[in-house]
Amino acid sequence: KIGIRALEEGMSPQDFSDIVSNAHIQLGATPDFAGVNFGEASAFPHGSIQPQKLKSSDVVLMDCGGRVGGYCSDVSRTIVFGAKPTQRQLEIWNLEQKAQAAGFAAAQLNNACENVDAAARKVLTDAGFGPDYKLPGLPHRTGHGIGMDTHEWGNMVRGNKQLLKPGMCFSVEPNISVVGEFGVRLEDCVY
């Protein structure tokens with residue numbers, strides 16, 4: 001919430017990163033990363049090197065994590081800055097939420113990691129995105145293991161037949177990338 005409240009028109013991704021990193025420190029965590037992409041750059045799952053300045057009605061995709069007690073956190077949120085979302089932005093955000101919910105529902109003990117990906121991906125494919133890893137749609141895995149490292153094995157991706165067992169921690173973060181428009185990702189970690 002601190003990062004969202006700090007958003008200001010004209011700020012850069014580095015401005016956002018600095019604010020979130022300082023908030024981590026003030027809250028007793030060690031900053032790990034605080035990435036953000038605005039507008040069209042939000043369609044790239046791991047960001048863009050193109051200069052960005054925040055403006056009203058931009059989609060803002062935030063991906064942040066810190067460390068506490070040697071363990072990592074990782075969370076992504078997507079909002080529209082300074083304006084009411086357009087119908088298209090709202091439709092894509094709601095679809096993303098449904099895809100993430102399908103991933104959560106598939107995250108059951110003894111289910112294969114690849115089934116978490118398949119469940120989220122099916123929601124998007126049924127809505128006309130993809131298919132598979134094609135754009136517009138979900139171009140990468142639906143999640144990754146997390147613990148002492150931010151990205152650990154246990155990827156929620158096609159072909160990973162590893163079964164979910166007690167004690168595993170991983171993210172569920174399908175994203176919808178519509179290059180030339182925007183991207184939406186919601187990321188939460190499960191245990």
Student: Look at the side chain of Ser76 and the backbone N and O of Leu186, then say whether any donor-acceptor pair between them is shorter than 3.5 Å.
Tutor: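 Side chain of Ser76 to backbone of Leu186, a donor-acceptor pair under 3.5 Å: no, none is there.
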Student: Given side chains that start at C-beta, do those of Trp153 and Asn160 come closer than 4.5 Å, heavy atoms only?
Tutor: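 Side-chain contact under 4.5 Å: yes.
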Student: What's the spacing between Arg5 CZ and Ile19 CD1 if we round to 0.5 Å?
Tutor: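 Here the rounded value is 11.5 Å.
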Student: Tell me whether the count of non-hydrogen atoms from other residues, nucleotides or ligands lying under 6.0 Å of OH in Tyr133 goes above 12.
Tutor: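 Yes, because the 6.0 Å sphere around OH of Tyr133 holds more than 12 heavy atoms from other groups.
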Student: Can you check side-chain hydrogen bond (donor to acceptor under 3.5 Å, both in side chains) on His46 and Asp63, steps first, answer last?
Tutor: CA-CA 9 Å; His46 299 288; Asp63 188 11; 5.7 Å; no
Student: Less than 4.5 Å apart, any side-chain heavy atom of Trp93 and any of Pro85?
Tutor: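 No - every pair of side-chain heavy atoms lies 4.5 Å or more apart.
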Student: Is there a donor-acceptor pair under 3.5 Å between the side chain of Gln100 and the backbone N or O of Val172?
Tutor: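 Yes.
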Student: Do any N or O atoms from the side chain of Asn175 and from the backbone of Val184 form a donor-acceptor pair under 3.5 angstrom?
Tutor: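 Looks like no, no N/O pair under 3.5 Å.
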Student: Taking atom CD1 of Ile176 and atom CG of Leu95, what is their separation to the nearest 0.5 Å?
Tutor: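 It is 4.0 Å, given to the nearest 0.5 Å.
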Student: For the hydrophobic clusters of this structure (ILVMFWY residues joined by side-chain heavy atoms under 4.5 Å, transitively), does one cluster hold both Val75 and Ile146?
Tutor: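 No, separate clusters.
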Student: Under 6.0 Å from the ring centre and within 45 degrees of the ring axis: does the NZ or CZ of Arg121 meet both conditions for the six-membered ring of Phe129?
Tutor: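 Here Arg121 fails the 6.0 Å and 45° test against Phe129.
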Student: Please tell me if the side chains of Tyr71 and Met148 come closer than 4.5 Å, counting only heavy atoms from C-beta onward.
Tutor: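 They are in side-chain contact.
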Student: When you check the gap from the basic side-chain N to the acidic O, do Asp117 and Arg141 get nearer than 4.0 Å?
Tutor: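 Salt bridge absent between Asp117 and Arg141.
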Student: State the CD-OG1 distance between Gln89 and Thr86, to the nearest 0.5 angstrom.
Tutor: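 Going from the CD atom of Gln89 to the OG1 atom of Thr86 covers 3.5 Å.
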Student: To check you understand the geometry: which heavy-atom pair defines the closest contact between Val59 and Ser42, and what is its length?
Tutor: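 Looking at all heavy atoms of both residues, the shortest contact is CG1-OG, 3.7 Å.
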Student: Would you mind checking if Asp126 and Lys98 are paired as a salt bridge, meaning a charged N to carboxylate O distance below 4.0 Å?
Tutor: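 The answer is no: the pair does not qualify as a salt bridge.
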Student: Below 4.5 Å, heavy atoms only, C-beta onward: do Pro45 and Pro139 meet side chain to side chain?
Tutor: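 The answer is yes; the side chains approach within 4.5 Å.
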Student: For the pair Phe16 and Val20, evaluate side-chain contact (heavy atoms from CB on, under 4.5 Å) and give the outcome as yes or no after the intermediate values.
Tutor: CA-CA 6 Å; Phe16 175 86; Val20 172; 3.6 Å; yes
Student: When you compare the side chain of Glu96 with that of Pro174, does any pair of heavy atoms fall below 4.5 Å?
Tutor: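 Side-chain contact under 4.5 Å: yes.
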Student: Do the side-chain N and O atoms of Arg185 and Thr78 include a donor-acceptor pair separated by under 3.5 angstrom?
Tutor: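 No, no side-chain donor-acceptor pair sits under 3.5 Å.
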Student: Rounded to the nearest 0.5 Å, what separation is found between the CZ atom of Phe81 and the CG atom of Leu54?
Tutor: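 Rounded to the nearest 0.5 Å, the CZ-CG separation comes to 4.5 Å.
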Student: Before you tell me yes or no, could you show the steps for Glu181 and Arg88 under salt bridge (Lys or Arg N to Asp or Glu O under 4.0 Å), namely the whole-Å CA-CA distance, both residues' side-chain angles and the distance that decides it to 0.1 Å?
Tutor: CA-CA 10 Å; Glu181 288 186 60; Arg88 172 90 166 148; 3.0 Å; yes
Student: If Ile, Leu, Val, Met, Phe, Trp and Tyr residues are connected whenever their side-chain heavy atoms lie under 4.5 Å apart, and connections chain through other members, are Leu138 and Leu135 in the same group?
Tutor: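 The answer is no; the residues belong to distinct hydrophobic clusters.
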Student: Calculate, to the nearest 0.5 Å, the distance between atoms CZ and CG belonging to Phe170 and Asp188 respectively.
Tutor: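 Rounded to the nearest 0.5 Å, the CZ-CG separation comes out at 12.0 Å.
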Student: Under a plain distance cut-off of 3.5 Å, with no hydrogens placed, do Gln26 and Asn22 share a side-chain donor-acceptor pair?
Tutor: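 Absent: no donor and acceptor within the cut-off.
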Student: Any heavy-atom pair between the side chains of Glu173 and Thr142 that's under 4.5 Å?
Tutor: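 They are not in contact (no side-chain heavy atoms under 4.5 Å apart), so the answer is no.
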Student: For atom CD1 of Ile49, decide whether the heavy atoms of other residues, nucleotides or ligands shown that lie under 6.0 angstrom number more than 12.
Tutor: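 Not more than 12 within 6.0 Å, no.
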Student: Spell out, as yes or no, whether a donor-acceptor pair under 3.5 Å connects the side chain of Ser21 to the backbone of Ser17.
Tutor: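 Yes, because the side chain of Ser21 sits within donor-acceptor range (under 3.5 Å) of the backbone of Ser17.
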Student: Under a plain distance cut-off of 3.5 Å, with no hydrogens placed, do Ser12 and Asp15 share a side-chain donor-acceptor pair?
Tutor: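 Side-chain D/A pair, Asp15 to Ser12: present.
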Student: Is Arg158 salt-bridged to Asp132, cutoff N-O under 4.0 Å?
Tutor: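 Salt bridge present between Arg158 and Asp132.
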Student: Looking at Lys161 and Glu114, is any side-chain nitrogen of the basic one under 4.0 Å from a carboxylate oxygen of the acidic one?
Tutor: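 The answer is yes: the pair qualifies as a salt bridge.
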Student: In Å and rounded to the nearest 0.5 Å, what is the OG to CD distance from Ser171 to Glu152?
Tutor: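 Spacing of OG (Ser171) from CD (Glu152) equals 11.0 Å.
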Student: May I ask you to check whether Thr30 and Asp32 show a side-chain donor-acceptor distance below 3.5 Å?
Tutor: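 No pair is found: no donor N or O on one side chain lies under 3.5 Å from an acceptor on the other.
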Student: Less than 4.5 Å apart, any side-chain heavy atom of Leu164 and any of Cys113?
Tutor: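 Contact flag for Leu164/Cys113 side chains = yes.
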Student: Does atom CD of Gln162 have more than 12 heavy-atom neighbours, drawn from other residues, nucleotides or ligands, at distances under 6.0 Å?
Tutor: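 More than 12 within 6.0 Å, yes.
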Student: Any donor-acceptor pair under 3.5 Å linking the side chain of Asn115 with the backbone of Asn111?
Tutor: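 Between the backbone of Asn111 and the side chain of Asn115 there is no qualifying donor-acceptor contact (under 3.5 Å).
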Student: Under 3.5 Å, is there a donor-acceptor pair between the Gln50 and Ser48 side chains?
Tutor: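 Short answer, no.
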Student: Is any side-chain heavy atom of Asp74 closer than 4.5 Å to one of His144?
Tutor: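 Touching, per the 4.5 Å side-chain cut-off.
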